[in-house]
Protein chains: 4
Amino acid sequence: MLNRVVLVGRLTKDPELRYTPNGVAVANFTLAVNRPFSNQQGDREADFINCVVWRKPAENVANFLTKGSLAGVDGRVQTRSYDNNEGRRVYVTEIVADSVQFLEPRNSQNNQSNNSSNSQAAGGYDSNQNSNRQQGGYNDDPFANDGKPIDISDDDLPF
Amino acid sequence: MLNRVVLVGRLTKDPELRYTPNGVAVANFTLAVNRPFSNQQGDREADFINCVVWRKPAENVANFLTKGSLAGVDGRVQTRSYDNNEGRRVYVTEIVADSVQFLEPRNSQNNQSNNSSNSQAAGGYDSNQNSNRQQGGYNDDPFANDGKPIDISDDDLPF
Amino acid sequence: MLNRVVLVGRLTKDPELRYTPNGVAVANFTLAVNRPFSNQQGDREADFINCVVWRKPAENVANFLTKGSLAGVDGRVQTRSYDNNEGRRVYVTEIVADSVQFLEPRNSQNNQSNNSSNSQAAGGYDSNQNSNRQQGGYNDDPFANDGKPIDISDDDLPF
Amino acid sequence: MLNRVVLVGRLTKDPELRYTPNGVAVANFTLAVNRPFSNQQGDREADFINCVVWRKPAENVANFLTKGSLAGVDGRVQTRSYDNNEGRRVYVTEIVADSVQFLEPRNSQNNQSNNSSNSQAAGGYDSNQNSNRQQGGYNDDPFANDGKPIDISDDDLPF
DNA sequence: TTTT
DNA sequence: TTTT
């Protein structure tokens with residue numbers, strides 16, 4: 001069945017990069033996508049859409065995007081559920097990105113929250129590319145994400 | 001910003017049609033969209049995606065689709081939140097359909113749950129069309145939906 | 001950069017299956033997609049959109065779809081040019097399908113132009129699946145497509 | 001039937017704005033959309049996709065976008081044909097934009113080809129908005145587009 | 001819990 | 001709470 005989503009918006013926060021027990025990278029981020037029309041009160045609203053991306057593009061996202069970055073997402077709608085710590089079933093709808101597009105150069109006026117000295121003119125970099133840009137070597141270390149507890153499982157892998 | 005979703009799937013139940021206090025029609029339904037790949041256990045899963053549609057297409061949806069109907073949706077991702085009866089903030093992600101496509105004739109083998117005697121070959125009817133098909137006249141009666149409590153407000157209208 | 005197309009329509013003819021010199025399958029077909037609105041004269045028109053699909057899905061398309069079949073396409077817009085036999089540069093815009101969705105059972109009332117005796121209830125078969133359905137074994141024979149001259153090159157492969 | 005396209009790319013030239021005999025604005029432009037993968041020779045190619053947009057968004061496009069501007073398009077695939085001056089039938093496939101997204105501030109480094117002194121931070125302006133930005137008043141003058149011959153007809157209007 |  |  002067809003299931004396709006395309007979004008362009010700005011990250012509400014820096015992306016979160018984590019690793020499954022098997023060392024597969026996953027990044028989560030939220031896109032604020034402004035609506036093209038105003039509501040009854042006359043102001044523009046936005047949708048805050050949760051996105052997930054796996055593997056190499058996850059690492060590219062974590063390396064290139066920060067709070068405020070303009071990004072495009074091409075993916076699909078996914079629903080899943082889990083039982084929270086109160087024993088309640090929680091239903092989640094999120095976008096699984098097949099690819100993420102970086103629509104601004106790194107460190108443009110919109111994402112000065114990272115302080116890398118190495119600016120780069122992007123103009124359409126695709127997160128699906130392989131790259132030798134990551135300096136942290138965290139690729140080989142599932143716990144490199146500063147020891148944050150990992151609650152995602154390899155079963156969540158989209159394929 | 002861009003926000004576009006296209007889905008093709010089957011209704012998990014008959015759609016629910018309601019009216020705002022101002023008499024604007026809204027229909028809700030869930031599409032089961034089968035994934036194109038299998039999970040680690042080797043079985044095909046589906047995403048169960050909540051959809052909303054407003055005004056005339058809402059009534060067309062309620063008249064044409066039933067549990068099991070194959071339908072296409074062209075719309076956008078919307079997020080909103082409300083406080084539930086336990087005083088907790090609930091976050092909702094759903095698809096607001098601009099148009100809904102009926103991909104099967106009415107009363108095909110997949111939607112025999114309605115028992116109208118009036119079969120019709122569809123093959124691509126678009127819910128955006130006006131139509132004189134509704135017999136209930138509920139268009140003029142916001143309470144025609146058998147007295148079900150209406151908890152949606154006109155503020156939820158997408159435009 | 002983002003480039004995404006989703007279509008649902010009916011094949012205007014049986015698909016054409018061919019093979020590159022290296023034996024890679026390609027299928028071409030045209031989808032008639034009815035417009036959701038009428039023109040000034042009050043009649044509904046359609047767009048006739050040329051589609052290409054490669055590899056295994058190409059063979060599935062050739063096996064499952066015939067003139068009149070309802071199908072969904074998820075792909076991208078591609079432009080290319082070639083010099084025709086009059087030495088003129090011709091520009092082509094077409095859709096390269098990543099996946100093709102079969103939205104009707106084989107041999108439904110809309111695609112009786114093939115005369116296979118083996119009907120099958122489909123209801124959402126995805127062309128990306130591998131399958132053991134092809135009986136012709138043409139997979140190993142680049143000229144199996146009844147000796148038709150092959151004018152596509154392996155350079156046209158999308159990846 | 002479903003027909004949806006989403007593109008993000010850069011204009012290959014300044015857009016062309018024209019008016020039908022009835023004074024309806026139309027803008028044409030071509031988007032260069034880089035492919036996310038390299039070809040056999042290892043270089044990245046692009047698709048050059050012709051787009052049309054009507055009415056108010058046409059004027060916004062003409063006012064905001066220039067050669068090199070990064071833009072997003074949400075629209076549909078359209079095919080049409082006409083007889084050229086050699087009496088030959090020409091088939092055209094193009095994207096009819098429902099909305100065009102401006103993904104860069106006006107006069108950013110990528111579209112310095114216009115020399116307006118009035119820079120403006122955009123960050124996601126939607127061409128569908130009404131605006132009081134046009135100074136030329138060409139809205140009321142179908143020949144304001146410097147006398148260029150108009151070969152489009154009101155019959156080409158999408159609705 | 002939200003971006004420009 | 002899920003469809004074929």
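Given the structure is predicted, the values throughout are model-derived calculations rather than measurements.
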Asker: Could you tell me the separation between the CG atom of A/Asp83 and the P atom of F/dT1, rounded to a whole number of Å?
Answerer: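 So the two atoms are 9 Å apart, to the nearest Å.
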Asker: Identify which nucleotide among F/dT1, F/dT4, E/dT3 has an atom closest to any side-chain atom of A/Ala32, counting heavy atoms from C-beta outward.
Answerer: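 The answer is E/dT3.
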Asker: For the pair B/Asp47 and A/Gln78, evaluate side-chain hydrogen bond (donor to acceptor under 3.5 Å, both in side chains) and give the outcome as yes or no after the intermediate values.
Answerer: CA-CA 6 Å; B/Asp47 295 291; A/Gln78 173 172 87; 4.9 Å; no
Asker: Which pair of heavy atoms, one from D/Ser69 and one from D/Phe64, lies closest together, and at what distance?
Answerer: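 Smallest heavy-atom distance, with atoms named: OG-O, 4.3 Å.
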Asker: How many Å lie between CG on A/Asp47 and P on E/dT3, as a whole number?
Answerer: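 In whole Å, E/dT3 P and A/Asp47 CG are 14 Å from each other.
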Asker: From C-beta outward on B/Phe48, which listed nucleotide comes closest to its side chain: F/dT2, E/dT3, F/dT4?
Answerer: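 The answer is F/dT2.
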Asker: Rounding to a whole Å, what distance do you find between A/Glu104:CD and E/dT3:C1'?
Answerer: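 One finds 11 Å between C1' of E/dT3 and CD of A/Glu104, rounded.
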Asker: Of the candidate nucleotides E/dT3, F/dT2, F/dT4, which contains the atom at the shortest distance from the side chain of B/Arg10?
Answerer: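 When the side chain of B/Arg10 is considered, F/dT4 is the closest of E/dT3, F/dT2, F/dT4.
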Asker: Does a side chain donor of either B/Asn50 or B/Thr30 reach within less than 3.5 Å of an acceptor in the other side chain?
Answerer: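 Present: a donor and an acceptor within the cut-off.
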Asker: May I ask you to decide whether B/Arg4 forms a salt bridge with B/Asp98, counting only side-chain N to carboxylate O separations under 4.0 Å?
Answerer: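 Salt bridge present between B/Arg4 and B/Asp98.
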Asker: Roughly, in whole Å, what's the span from NZ in B/Lys13 to P in F/dT1?
Answerer: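 After rounding, the reported distance stands at 11 Å.
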Asker: What's the closest nucleotide to the side chain of B/Thr12 if the choices are F/dT2, E/dT1, E/dT3?
Answerer: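 The answer is F/dT2, which lies nearest to the side chain.
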Asker: Kindly point out which of E/dT3, F/dT4, F/dT2 is positioned nearest to the side chain of B/Thr30?
Answerer: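 Per side-chain heavy atoms of B/Thr30, the pick is F/dT2.
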Asker: In whole angstroms, how far is the P atom of F/dT3 from the CD atom of C/Gln101?
Answerer: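 It works out to 19 Å between those atoms.
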Asker: Could you tell me the separation between the CD1 atom of B/Ile49 and the P atom of F/dT3, rounded to a whole number of Å?
Answerer: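 Answer to the nearest Å: 15 Å.
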Asker: Take atom CD of A/Glu16 and atom P of E/dT2, then tell me their distance rounded to the nearest Å.
Answerer: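 Taking atom P of E/dT2 as the reference, CD of A/Glu16 is at 16 Å.
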Asker: Nearest whole angstrom, please: distance from the P of E/dT4 to the CG of D/Leu70.
Answerer: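 Interatomic distance, CG of D/Leu70 to P of E/dT4: 18 Å.
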